**Q** 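There's a structure below that I have some questions on.
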Amino acid sequence: MLQSNVYPTAELRAADAAHYLHPFTDFKALAREGSRIIVKADGVWLWDSEGNRMLDGMAGLWCTNVGHGRREIADAVHAQMTELAYYNSFFKTTNAPAIRLAEKLAALAPEHVNRVFFCGSGSEANDTVLRMVRYYWALKGKPSKQIVISRRNAYHGSTVAGASLGGMAPMHGQGGLPIPGIVHIQQPYWFGEGGDLSPDEFGVVAARELERMIHTLGIDNVAAFIAEPIQGAGGVIIPPETYWPEIKRICARHDILLVADEVITGFGRTGRWFGSDFYGLEPDLMPIAKGLTSGTIPMGGVMVSDRVADVVVGIGEEFFHGYTYSGHPTAAAAALETLRIMEEEKLVERVATDIGPYMQARWTALGDHPLVGEARMVGLIGALELVPAKPSRALRFAPVGEVGTLARDISFRNGLVMRAVRDSLIIAPPLVISHAEVDELVRLARLTLDVTWEALKAQGKVAA
Ligand code: PXG
């Protein structure tokens with residue numbers, strides 16, 4: 001067992017506050033409250049420097065799909081680093097793990113997707129997307145097709161292109177984003193924005209906004225539409241069934257490239273290898289990252305369809321784009337081992353037919369709690385919408401986000417890591433989670449709801 005005195009928590013926290021600028025963090029609040037120092041992880045479990053054990057309901061940050069502490073990946077990385085830790089893929093050079101990984105990804109991806117451009121993260125993948133779609137249309141003799149349409153409350157990364165493609169208003173508010181040439185339409189968030197429409201009616205209405213925007217901008221000016229098959233960071237927004245077929249129709253009709261951002265939905269999260277398989281999207285480009293290496297080593301990529309590759313590879317001369325770490329051999333070795341584990345342990349099938357349905361049944365049963373307006377889950381990605389009263393979707397907590405954060409903090413204290421988005425709680429556990437661990441996760445989630453409910457009752461924010 002971990003001993004808290006092995007890690008000098010107070011000293012580490014002081015150094016953390018003095019020197020380490022954390023991502024997406026309110027620095028004053030962090031310095032006031034002190035950070036939690038994670039020191040060890042195994043399977044679905046995390047330990048902090050004070051010896052507390054927590055169930056990792058978020059698979060790290062939607063990425064440790066094969067579970068923490070996989071020695072096989074450490075061994076593969078060790079072996080690769082001993083042989084060739086790094087070399088680049090510029091100047092007509094390459095390396096064996098990157099080649100094997102590209103070949104493997106082509107085999108796993110939908111039929112019409114057979115190539116990959118490697119990079120270091122999901123954000124870099126989406127920077128690549130922006131450059132590649134514009135390059136594609138220029139090569140096709142349509143250089144005016146420059147604009148990418150995305151959605152409000154989408155998340156596509158934190159670089160300038162990633163944050164611009166994303167639809168997060170607070171991110172746009174810092175630093176004058178989005179950059180020109182990127183516009184945003186309605187998201188298919190029925191629970192929050194569907195009004196009096198049925199989910200199916202709303203799905204069509206939200207999708208048709210794409211068609212309206214294409215007409216407003218002019219077909220000759222629109223390069224692509226980008227979207228996550230299921231929005232992750234935006235709050236696990238699972239679109240109504242009518243949404244994707246209508247989007248597909250609109251993209252095909254107007255000759256707009258469809259980009260499915262698979263950074264979260266890729267690698268088994270939905271019970272298929274890709275969210276695009278789950279929804280039958282047939283996208284032109286698929287940014288990937290996270291689960292590709294199960295979060296062990298940073299790596300991303302853009303999977304490229306034959307339609308785009310035939311132009312970029314077939315007609316193009318040199319695409320002036322690439323990263324020092326494109327096709328990094330050590331990262332590729334981690335990815336190959338991750339994919340080998342996924343196949344050996346049949347993790348995708350497991351999510352589709354075993355642990356997925358098991359968890360969905362238990363998770364959605366939390367919908368009976370007085371605090372829960374909707375409990376939704378596909379594969380192993382889900383959310384609970386917290387509301388002050390039932391059955392209405394119209395009643396919400398004000399100000400938005402306070403109750404979500406309160407519940408998230410209570411959940412941490414109970415030993416379950418969930419993520420809060422607005423006033424919802426998000427879950428996306430490692431795909432290796434056992435049935436007993438699902439039972440424990442759901443027990444802790446219900447405990448969190450009960451404790452939150454009592455706290456809100458004491459504050460007069462819900463009916464007694
Ligand atoms: N696309 C999607 C769909 C993502 O979810 C990125 C791109 C960017 O990937 P990188 O590797 O550059 O971070 C992401 C990342 C959250 C959270 O709080 C989600 C992400 C990143 C950080 C925080 O839910 N998703």
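Order of appearance sets the numbers: ligands from 1, and atoms from 1 within every ligand. Since this is a predicted model, take the numbers as computed values, not measurements.
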**Q** Do Ser89 and Phe118 have side chains that approach each other closer than 4.5 Å (heavy atoms only, starting at C-beta)?
**A**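 No, too far: nothing below the 4.5 Å cut-off.
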**Q** Have a look at Thr128 and tell me which of Val302, Val133, Val304 forms a side-chain contact (heavy atoms from CB on, under 4.5 Å) with it.
**A**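 Of the listed residues Val302, Val133, Val304, the side-chain contact (heavy atoms from CB on, under 4.5 Å) partner of Thr128 is Val302.
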**Q** Any ion pair linking Glu345 and Arg340 (charged N to carboxylate O, less than 4.0 Å)?
**A** no
**Q** Show the atoms of ligand 1 that are less than 4.0 angstrom away from any heavy atom in Glu228.
**A**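 Listed by number with element, the hits are 3 (C).
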**Q** What atoms of ligand 1 come closer than 4.0 angstrom to any heavy atom of Arg419?
**A** 16 (C), 18 (O), 24 (O)
**Q** Ignoring hydrogens, just give me the one of Val236, Asp127, Val263 whose non-hydrogen atom is nearest atom 6 (C) of ligand 1.
**A**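 The option holding the nearest heavy atom is Val263.
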**Q** Need the ligand 1 atom indices (1-based, order shown) with element for anything under 4.0 Å from a heavy-atom of Ser123.
**A**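 Taking each heavy atom of Ser123 in turn, ligand 1 has 8 (C), 9 (O), 10 (P), 12 (O) under 4.0 Å.
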**Q** Salt-bridge test for Arg419 and Asp56: reply yes if a basic N is under 4.0 Å from a carboxylate O, no otherwise.
**A**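 No.
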**Q** Could a heavy atom of Lys290 be found less than 4.0 Å from some atom of ligand 1?
**A**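 True for this residue.
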**Q** Would you mind listing which atoms of ligand 1 come within a distance below 4.0 Å of any non-hydrogen atom of Ile264?
**A** 5 (O)
**Q** Any idea which atoms of ligand 1 are less than 4.0 Å away from a heavy-atom of Gly122?
**A** 8 (C), 9 (O), 10 (P), 11 (O), 12 (O)
**Q** Against heavy atoms of Asp261, which atoms of ligand 1 measure under 4.0 Å?
**A** 1 (N), 2 (C), 3 (C), 7 (C)
**Q** Quick one: CG on Leu130 to OG on Ser150, what's the gap to the nearest 0.5 Å?
**A**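 OG of Ser150 is found 11.0 Å from CG of Leu130.
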**Q** Under 4.0 Å from any heavy atom of Gly157, which atoms of ligand 1 are there?
**A**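 Listed by number with element: 6 (C), 7 (C), 8 (C).
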**Q** When you measure from the centre of the six-membered ring of Trp190, is the NZ or CZ of Arg393 closer than 6.0 Å and no more than 45° off the axis?
**A** yes
**Q** Do we see a donor-acceptor contact under 3.5 Å between the side chains of Arg131 and His321?
**A** yes
**Q** Counting non-hydrogen protein atoms only, what is the nearest one to atom 2 (C) of ligand 1? Give residue, atom name and distance.
**A** Tyr155 O, 3.3 Å
**Q** Is the shortest side-chain N to carboxylate O distance from Glu50 to Arg36 below 4.0 Å?
**A**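 No, no charged N to carboxylate O under 4.0 Å.
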**Q** Where's the contact between Thr159 and ligand 1, heavy-atom distance under 4.0 Å: side chain, backbone, both or neither?
**A**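 Contact part for Thr159 vs ligand 1: neither.
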**Q** Checking a contact table here: which protein heavy atom is nearest atom 23 (C) of ligand 1, and how many Å away?
**A** Leu61 CD2, 3.6 Å
**Q** If we set the cut-off at 4.0 Å for heavy atoms, which region of Phe24 has an atom near ligand 1: side chain, backbone, both, or neither?
**A** neither
**Q** Cationic tip of Arg362 within the cone over Tyr358's six-membered ring, i.e. under 6.0 Å and within 45° of the normal?
**A**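 Geometry flag: set, cation within 6.0 Å and 45°.
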**Q** Which residue and non-hydrogen atom of the protein lie closest to atom 19 (C) of ligand 1, and at what distance in Å?
**A** Trp62 NE1, 3.5 Å
**Q** By number and element, which atoms of ligand 1 are closer than 4.0 Å to a non-hydrogen atom of Asn126?
**A**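 What qualifies from ligand 1 is 1 (N), 7 (C).
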**Q** Are Phe202 and Tyr243 an aromatic pair, judged by ring center distance below 6.0 Å?
**A** no
**Q** How does Glu124 reach ligand 1, by side chain, by backbone, by both or by neither, if only non-hydrogen atoms under 4.0 Å count?
**A**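 Neither; no heavy atom under 4.0 Å.
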